[in-house]
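Worksheet: the structure to be examined is printed underneath.
Naming: A, B, ... by sequence-line order, numbering from 1 per chain. Just so you know, these numbers use all the heavy atoms, side chains as well, and skip hydrogens, waters and symmetry mates.
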Amino acid sequence: MSATSFPVRSTSPRPPRPTVVRLVTLVARREILAHVRTRSFWVSTAILLALVLGGILASSFLGEKIGQPPKVAAVPEVVAHVEAVGLTYVEVPDQVAAERAVRDKTVGAAVLLGADGALVVVGLDAWPTTVAQTLAVLPKMQTLEPVKTDEGMRFLVSIAFGIVFAMAAVTFGMTIAQNTVTEKQTRVVEILLSAVPTRALLAGKVIGNSVLALGQTTAIAAVAVLGLVVTQRDALLGQIGAPVAWFVLFFAVGFVLLASMFAASAALVSRQEDLSAVVQPVTWLVMTPYLLVVFFNSNPMVLTVMSYVPFSAPVGMPVRLFLGEASWWEPLLSLVVLVASTVLVVGVGARVYERSVLRMGTRVRLGEALRAR
Amino acid sequence: MAGVIALEHVSKRFGDRVALDDVGFEVRSGRLTGFVGGNGAGKTTAMRILMGVLTADSGQVLIDGRPLDGATRRGFGYMPEERGLYPKMKVLEHLAYLARLHGYDDQAARQRAQALLERLGLAARANDPVDALSLGNQQRAQIAAALVHDPEVLVLDEPFSGLDPIAVDAVVAVLKERAAGGVPVLFSSHQLDVVERLCDDLVIIAGGTIRAAGEREELRAQFSTSRFELSASDLGWLRAEPGVTVVDLTDGEVVFDADEATAQRVLGSALDRGPVARFAPVTPSLAEIFREVMADSQEVRA
């Protein structure tokens, strides 16, 4: 089409106004494209996924290595004993040679025969516990109930859920907040709102960023599962599969709630410089579940409360499911609570956003934005 | 097609400051209306209220006599005072996005954006991000953003500021075409020569109140009722003529204030005394009208 044939006058009829669904889709699509076209998005996503996979592989590798007793030096009298329990060993002629080997660090410990005929395990400057345990005769063990998750795993998995939630929520929540302020600061919002109803603009922004956040979280979950499959930790995978699926579901709803809070908070200010102060309460709300889960992951009471409070449920409930502390109906109930509070918060958030987004200049007070006109 | 946009009794305060006081004017279909006033006179506030970006304390905005609602405003094209586009978005993509928001499908949106950029001499920068453009080019992009969806009404806050004369001409041409297509166009400007050349109607605002409004020629006539200029060889006698106030007397040329009948009598006397090279009512330029209105309004305030 050449410049001169451009119908400057409206000779052709104008197209019909787009539906709200179409408008929301257009806004969401722009948010997503604007984000995925930045190099930083791909770099940070790649680093994040590499960290998750690397962490799982490393923990598997280290776990095997640390748990294993070191090579030992054994005097002839104890060789049969040492061999029987499957320790790797070098045979040395006497106690002096054994101690020298320990000092040289060619072995981790020495196994000798004491004057009373009992075995003596000699370390250099740390108790040679793993070797002693291997040689010890333990009574047989049983439990009445199924074995609970061990402490280390409980800690790692809780923190993993906490970190992934906090990171994704803060990253994409701040993206929404920054976009909202950019739109205000550049006044593009005035042009947008001359085409789009305020709520459609907000909905598009929230949905677009939720898709991004959920996409990244799902990718992390997928990589984590992949890592567990590769390292053949099937037992852990069986234990963690369902909680991860619940986590993604809870996150999808929970992020919509947080995103509308980020957008509403950001709409109160007109300059990027004022943004951090105004989103701080929301940021704390996002960080709290992470901090709670770090300090209280062995406190069933705190976890139970967390798993029902909407802001922390996406972390609390999956952790409890992983620990086997939640009944089958609990995630469903918690999800209902979360969905209900999301509907409520989105409603309030939309109201604040609607009343503030066109108010330039000084910060709009929250009470002012909420008050009915 | 929209007919008349009208502000009626619109008032707005910001704290103690009265930004608009009982402001009323019309923007008519198919006409370019220039909105003129000094800094802080209330132009931007009035335009923001017209666009619904700001709510008036009292008064209303009407379209063809009906209150203007949000859905109707969505057919408007708006250029805000502070320029606003997404800084990182490519120009063409940005314009196409705005056209899509107004209902154009992907292909039509891109075609319209591309054609408009060519019209405004910005086609070479179509794939540059907005913030990579010079200020003048950002300005053109901003104008394109207001025009890309073939708006039913155009509201442009200072569309010409920062444009070079060639760009001004390109924008003027586009605006005239839109107006010829029946679109009411309201634009504010400090550049009185452009307003004078372009606008059909004129609204002058000062200190938050409308000082003058109407068709450009009417306003000119209104402000030029009493002043005449006369060129002849001998003019000294004019000072003694009753009903005449001499404003300026130079060799062979006089500017004087008088009513129509007195002026005709003066012309007769001058012809009796010798040949008259020129006799005409003085039509004030827009700048002169503007200054006069401003001076009046300052007296009012003082």
Side-chain angles (χ1 to χ4, degrees), chain A residues 1-20 22-27 29-31 33-35 37-40 178-179 182-201 204 270 272 354-355 357-362 373, chain B residues 1 14 48 51-55 70-71 73-89 93-94 97-105 108-109 111-112 114-121 123 130-131 142 145-147 149-152 155 173-174 177-178 180-183:
Chain A
M1 187 186 277
S2 81
T4 45
S5 73
F6 178 58
V8 180
R9 264 186 247 174
S10 44
T11 46
S12 53
R14 295 185 176 89
R17 298 275 159 74
T19 60
V20 172
R22 162 93 172 144
L23 288 174
V24 170
T25 313
L26 283 169
V27 173
R29 190 171 80 174
R30 198 211 75 87
E31 291 281 325
L33 285 179
H35 205 87
R37 279 184 188 161
T38 58
R39 188 193 305 260
S40 63
Q178 274 161 0
N179 284 352
T182 303
E183 284 168 4
K184 268 190 92 168
Q185 195 166 13
T186 61
R187 307 297 162 101
V188 75
V189 71
E190 293 185 6
I191 294 172
L192 294 175
L193 290 183
S194 67
V196 184
T198 318
R199 280 174 187 244
L201 179 64
S270 308
Q272 295 286 356
E354 216 168 14
R355 305 240 165 124
V357 77
L358 286 175
R359 295 192 40 186
M360 304 298 164
T362 52
R373 261 196 299 214
Chain B
M1 182 66 58
F14 294 109
R48 285 164 63 90
M51 283 309 297
V53 172
L54 202 64
T55 323
R73 280 191 178 101
R74 256 160 244 143
F76 288 17
Y78 176 47
M79 176 170 176
E81 175 203 29
E82 283 184 57
R83 310 311 180 205
L85 293 173
Y86 286 110
K88 300 290 173 206
M89 221 169 161
E93 214 173 285
H94 203 314
Y97 173 60
L98 293 174
R100 280 196 291 268
L101 289 181
H102 283 281
Y104 289 93
D105 63 39
Q111 278 177 356
R112 295 191 68 84
Q114 182 67 44
L116 194 51
L117 287 176
E118 280 168 22
R119 265 311 285 280
L120 295 172
V130 171
D131 64 359
Q142 196 77 47
L147 292 169
H149 57 283
D150 187 15
E152 291 155 24
V155 178
V174 175
E177 277 165 3
R178 294 293 159 117
V183 172

Could you tell me which portion of B:M79 (side chain, backbone, both or neither) has an atom closer than 4.5 angstrom to a non-hydrogen atom of chain A? neither
Answer yes or no: is there a donor N or O on one side and an acceptor on the other, between the side chain of B:H94 and the main chain of B:K88, under 3.5 Å? no
Bottom line for B:P151: the part with an atom under 4.5 Å from chain A's heavy atoms is backbone
Under 4.5 Å from a heavy atom of chain B, the part of A:T182 involved: side chain
Could you check whether B:R48 pairs with B:E81 (Lys NZ or Arg NE/NH1/NH2 to Asp/Glu carboxylate O, under 4.0 Å)? no
Please state whether the side chain, the backbone, both or neither of B:L98 comes within less than 4.5 Å of a heavy atom of chain A. side chain
At a 4.5 Å cut-off on heavy atoms, which part of A:V357 comes close to chain B: side chain, backbone, both, or neither? neither
Using only atom types and a distance under 3.5 Å, with no angle test, would you say the side chain of A:R14 pairs donor to acceptor with the backbone of B:D150? yes
Is B:R73 in contact with chain A via its backbone, its side chain, both, or neither, using a 4.5 Å heavy-atom distance? backbone
Is the backbone N or O of B:A123 less than 3.5 Å from a side-chain atom of B:Q114, with the two atoms forming a donor-acceptor pair by type? no
Please confirm whether the backbone N or O of B:R74 pairs with a side-chain atom of B:H102, one donor and one acceptor, at under 3.5 Å? yes
Aromatic rings B:Y86 and B:Y97: how do their planes relate, parallel, tilted or perpendicular, breaks at 30° and 60°? tilted
Most heavy-atom pairs under 4.5 angstrom with chain A, which of B:A145, B:G75, B:G70, B:G52? B:G75
Between B:R178 (side chain) and B:L147 (backbone), is there a donor-acceptor pair under 3.5 Å? yes
Side chain, backbone, both or neither: which part of B:E93 has a heavy atom under 4.5 Å from chain A? side chain
Of the backbone (N, CA, C, O) and the side chain (C-beta and beyond), which part of A:A34 lies under 4.5 Å from a heavy atom of chain B, both, or neither? neither
Picking from A:L192, A:V188, A:I191, which has the most non-hydrogen pairs under 4.5 angstrom with chain B? A:V188
